[in-house]
Amino acid sequence: MAAPPPTSQEYAVNRTAKTLTSAGGMVVAGVLAWAVAAPHGGGAAAHDKGKPIERARSAQNADNAKSVLWDGDASHGLGVFGTTLCDAPGSVTVDNWGTARGDFFKFNKPIGVPRCEAHNVRTASGEYAFRDGRTYWFGWDSMTKTGEAQTVFQWKSNGTNDQHSQNYPVIMKVEDGRLKVWYVAPGEEWIAIGSAPWSAGAWHSVQLGITTSSGGSGKLSVYMDGKEIASRTGARTWDDLGNKPRWGTYWGTDSSTAAINWIDGLAMGESRADVD
């Protein structure tokens with residue numbers, strides 16, 4: 001039997017530890033340096049010396065309070081997804097290059113294959129049931145082999161083409177060396193809502209917030225590397241049969257180009273702070 005997914009507290013601790021490790025221990029070193037240099041006398045110095053500890057405890061309490069709905073880190077394997085969509089010889093695998101980053105997913109789309117994607121999220125209770133009128137935030141790190149990975153995220157509508165009004169209300173592409181974001185309104189109206197330079201061969205942090213609405217009052221927000229690069233209000237973000245997330249690399253009818261998208265640290269919560 002597979003182990004249950006981590007609790008919110010375990011997720012926060014694991015993610016924080018991964019961040020500290022990736023930073024080369026600089027934070028830990030800074031704490032140790034403060035401990036050596038901190039005064040130990042009386043008066044004001046004695047009163048102030050506890051403040052860094054109090055701030056550290058407050059930060060830890062904030063981490064523990066995160067509302068993590070899904071921990072999709074690659075260390076838990078491909079079972080964190082509802083399914084994968086990738087024909088051979090393409091593959092979706094877990095990679096590890098022996099660095100502090102640890103495990104991450106590799107979406108490998110060779111020539112002749114149109115897509116390599118992961119569809120929906122899976123928790124201990126099964127595939128997650130998204131709902132209308134809710135706010136979801138997704139967070140992940142991504143690195144592509146080139147500046148042309150095409151569709152790297154879809155807020156994909158359920159059902160077949162005849163069963164929905166929007167095939168994908170939200171699309172994100174790595175194209176022409178940029179991360180581009182579209183809101184796709186009913187009638188296949190593609191509305192560009194933001195973009196930012198994308199460096200191939202480098203890790204980028206992405207957070208996407210979606211407030212679902214079938215009535216056109218939905219909201220979208222995309223952050224890359226700590227800066228908001230796209231937003232939209234008054235959007236229809238919940239299709240006739242609902243929606244689910246997809247990550248990877250998808251080229252539509254073009255199967256003539258190879259692409260690789262590495263993804264790490266996938267998570268879903270109720271606020272950006274939950275997944276940042």
Side-chain angles (χ1 to χ4, degrees), residues 70 72-74 78 80-87 90-95 101 104-111 113-121 136-157 166-184 190-210 220-232 237 243-268 275:
W70 171 67
D73 192 79
L78 295 176
V80 299
F81 301 117
T83 188
T84 56
L85 307 168
C86 186
D87 294 334
S91 59
V92 182
T93 57
V94 175
D95 264 17
R101 182 166 288 276
F104 49 86
F105 293 111
K106 177 183 179 181
F107 295 83
N108 179 28
K109 189 203 83 64
I111 293 175
V113 175
R115 75 171 78 232
C116 271
E117 295 180 295
H119 179 69
N120 203 15
V121 307
Y136 302 100
W137 277 87
F138 303 95
W140 67 94
D141 292 346
S142 175
M143 178 171 68
T144 59
K145 188 172 182 178
T146 70
E148 298 288 342
Q150 283 301 302
T151 302
V152 293
F153 177 87
Q154 301 184 61
W155 183 234
K156 180 69 173 174
S157 296
Q166 294 165 278
N167 193 354
Y168 26 62
V170 184
I171 285 281
M172 300 171 65
K173 291 187 176 186
V174 171
E175 183 179 67
D176 303 324
R178 299 185 70 85
L179 179 65
K180 302 178 180 180
V181 187
W182 285 268
Y183 162 59
V184 185
W190 285 57
I191 302 169
I193 61 173
S195 71
W198 181 272
S199 299
W203 287 101
H204 297 279
S205 172
V206 180
Q207 295 91 40
L208 164 65
I210 300 176
L220 303 170
S221 180
V222 178
Y223 285 77
M224 188 183 101
D225 296 334
K227 180 181 179 180
E228 187 176 44
I229 65 167
S231 65
R232 179 80 178 188
T237 54
N243 297 82
K244 296 182 177 74
R246 283 188 184 180
W247 293 269
T249 173
Y250 173 50
W251 287 68
T253 58
D254 180 5
S255 60
S256 64
T257 307
I260 298 177
N261 184 11
W262 293 277
I263 295 180
D264 184 30
L266 278 162
M268 178 177 74
V275 298

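For this chain, numbers begin at 1 and follow the sequence in order.
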pair T249-V174: side-chain heavy atoms closer than 4.5 Å: no
Non-neighbouring partners of F81 that pass ring pair (Phe, Tyr, Trp, His ring centres under 6.0 Å), sequence neighbours left out: F105
Side chain to side chain contact (heavy atoms under 4.5 Å, CB included) assessment of R246 paired with K156: CA-CA 7 Å; R246 283 188 184 180; K156 180 69 173 174; 3.8 Å; yes
Evaluation steps, side chain to side chain contact (heavy atoms under 4.5 Å, CB included), between I111 and T257: CA-CA 5 Å; I111 293 175; T257 307; 5.8 Å; no
Closest approach of S142 to N261 (non-hydrogen atoms, all atoms of both residues): OG-OD1, 2.8 Å
Side-chain touch M172/K180, heavy atoms, less than 4.5 angstrom: no
Polar side-chain atom of H204 near backbone of S199 as donor-acceptor pair, under 3.5 Å: yes
Listed partners of S91 passing side-chain contact (heavy atoms from CB on, under 4.5 Å), at least two apart: T93, N108
Min side-chain heavy-atom separation F107-C86 under 4.5 Å: no
Heavy-atom check, side chain of N243 versus side chain of T237, under 4.5 Å: no
Atom of P110, atom of G90 and distance for their closest heavy-atom approach: CD-CA, 3.4 Å
W140 and its side-chain contact (heavy atoms from CB on, under 4.5 Å) partner, picked from V275, V152, V206: V206
Those residues that, when tested against E228, pass side-chain contact (heavy atoms from CB on, under 4.5 Å) (two or more places apart): S221, Y223, S231
Heavy-atom side-chain contact between D141 and R101 under 4.5 Å: yes
Stepwise side chain to side chain contact (heavy atoms under 4.5 Å, CB included) test for L266 and W70: CA-CA 8 Å; L266 278 162; W70 171 67; 3.8 Å; yes
Within 6.0 angstrom of K145 NZ, more than 12 heavy atoms from elsewhere: no
Side chain to side chain contact (heavy atoms under 4.5 Å, CB included) evaluation trace for I260 with K106: CA-CA 7 Å; I260 298 177; K106 177 183 179 181; 4.0 Å; yes
W198/T144 under side-chain hydrogen bond (donor to acceptor under 3.5 Å, both in side chains): CA gap, chis, key distance, verdict: CA-CA 9 Å; W198 181 272; T144 59; 2.9 Å; yes
Check: P114 and W251 side chains under 4.5 Å, non-hydrogen atoms: no
Side chain W203, main chain D264, donor-acceptor under 3.5 Å: no
Close side-chain approach of D73 to V80, heavy-atom, < 4.5 Å: no
Point-to-point distance, once rounded to the nearest 0.5 Å, from CG of L78 to OG1 of T84: 6.5 Å
Distance under 6.0 Å and angle within 45° of ring axis: K173 vs W182: yes
Spacing of CE belonging to M268 relative to CD1 belonging to I210, to within rounding of 0.5 Å: 11.0 Å
Aromatic plane relationship, F138 with F153 - under 30° parallel, 30 to 60° tilted, over 60° perpendicular: tilted
Residues D87, R115; criterion salt bridge (Lys or Arg N to Asp or Glu O under 4.0 Å); working and verdict: CA-CA 8 Å; D87 294 334; R115 75 171 78 232; over 6 Å; no
Side-chain touch I229/S195, heavy atoms, less than 4.5 angstrom: no
Q154 side chain to V170 backbone, donor-acceptor under 3.5 Å: no
Cation-pi, Y183 ring and R232 (6.0 angstrom, 45 degrees): no
